A.B. asks: 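Dropping a structure here in structure tokens format, bear with me for questions.
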Amino acid sequence: GLALHTRASFFNYSCLRNVMHGPDHVSRMVMHATRDIALGETCCIAYFDLAETSSLAARRELLTKFFNFTCDCRRCLRETGLQHVD
């Protein structure tokens, strides 16, 4: 199936998401924090299942093909060697 959830479309993307989303028992999109989110921190979701698409190359391929951007989150930068591990 395919659905358009307008509120979910307002979230930014990150491979280190801090918000998860999914349908409830009546198909409403429900968001919940995966960890404490600091005041002023951007809330981010993943646009696809990160467990199934865990490699940097696979994530970048999907993001380029379907969303027309290259992710530069801390995880991606760390995996490319452009950022030191926190």
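Throughout, residue positions are numbered sequentially from 1 according to the sequence presented. Note that the coordinates shown come from a computational prediction; the quantities given were computed from them, not determined experimentally.
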A.B. asks: Could you grab the distance from atom CG of Leu77 to atom SG of Cys71, nearest 0.5 Å is fine?
C.D. replies: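 Nearest 0.5 Å value for the CG-SG distance: 8.0 Å.
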A.B. asks: With a 4.5 Å cut-off on side-chain heavy-atom distances among I, L, V, M, F, W and Y, is there a chain of contacts connecting Ile45 to Val30?
C.D. replies: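 Cluster IDs for Ile45 and Val30 differ.
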A.B. asks: Are any of the side-chain heavy atoms of Thr80 and Leu56 separated by less than 4.5 Å?
C.D. replies: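 Result yes, sub-4.5 Å side-chain heavy-atom pair found.
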A.B. asks: Going from OG1 on Thr53 to CZ on Phe48, what distance comes out if it is rounded to the nearest 0.5 angstrom?
C.D. replies: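 Output value for this atom pair is 5.5 Å.
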A.B. asks: Heavy-atom count around Asn68 CG within 6.0 Å, excluding the residue itself: above 12?
C.D. replies: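 No.
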A.B. asks: Does this structure show an ion pair linking Arg59 with Glu52, if we count only N-O contacts that are shorter than 4.0 Å?
C.D. replies: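 Glu52 and Arg59: not salt-bridged.
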A.B. asks: Could you go through the side chain to side chain contact (heavy atoms under 4.5 Å, CB included) check for Thr70 and Leu63 one step at a time?
C.D. replies: CA-CA 6 Å; Thr70 301; Leu63 290 169; over 6 Å; no
A.B. asks: If every non-hydrogen atom of Arg75 is compared with every non-hydrogen atom of Ser54, which pair is closest and at what distance?
C.D. replies: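 Of all heavy-atom pairs spanning Arg75 and Ser54, the closest is NH2-O, 3.2 Å.
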A.B. asks: Please report the shortest heavy-atom distance between Asn18 and Thr42, naming the atom on each side.
C.D. replies: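 The answer is ND2-O, 3.0 Å.
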A.B. asks: May I ask you to check whether Phe67 and Tyr13 place their ring centres under 6.0 Å from each other?
C.D. replies: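 Distance test on ring centres: not under 6.0 Å, no.
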A.B. asks: Could you state whether Phe10 and Met20 fall into the same hydrophobic cluster, counting links through intermediate Ile, Leu, Val, Met, Phe, Trp or Tyr residues with side-chain heavy atoms under 4.5 angstrom apart?
C.D. replies: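 No; Met20 is not reachable from Phe10 via cluster members.
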A.B. asks: Is it possible for you to say whether Met29 and Tyr47 belong to one hydrophobic cluster, with membership spreading through side-chain heavy-atom contacts below 4.5 Å?
C.D. replies: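 Yes, Met29 and Tyr47 fall within the same hydrophobic cluster.
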A.B. asks: So, for Leu50 and Cys15, which heavy atoms are closest and what is the spacing to 0.1 Å?
C.D. replies: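 Heavy atoms only, the tightest pair is CD1-O, 3.5 Å.
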A.B. asks: When you group the ILVMFWY residues by side-chain heavy-atom contacts below 4.5 Å and let the links chain together, are Met31 and Leu16 in the same group?
C.D. replies: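 As far as the 4.5 Å side-chain criterion goes, Met31 and Leu16 are not connected within one cluster.
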A.B. asks: Are Val19 and Cys44 close enough, and set up right, to give a side chain to side chain contact (heavy atoms under 4.5 Å, CB included), and what steps lead you there?
C.D. replies: CA-CA 6 Å; Val19 174; Cys44 296; over 6 Å; no
A.B. asks: Verify the neighbour count for atom CG of Asp36: are there more than 12 heavy atoms of other residues, nucleotides or ligands below 6.0 Å?
C.D. replies: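 Atom CG in Asp36 is not packed in, count stays at 12 or less.
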A.B. asks: Could you tell me which non-hydrogen atom of Arg60 sits nearest to which non-hydrogen atom of Cys76, and how far apart they are?
C.D. replies: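 Where Arg60 meets Cys76 most closely, the heavy atoms are NH2-CB, 3.8 Å.
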A.B. asks: Check Lys65 with Glu61, please: is the shortest side-chain N to carboxylate O separation under 4.0 Å?
C.D. replies: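 Salt bridge flag = no for Lys65 with Glu61.
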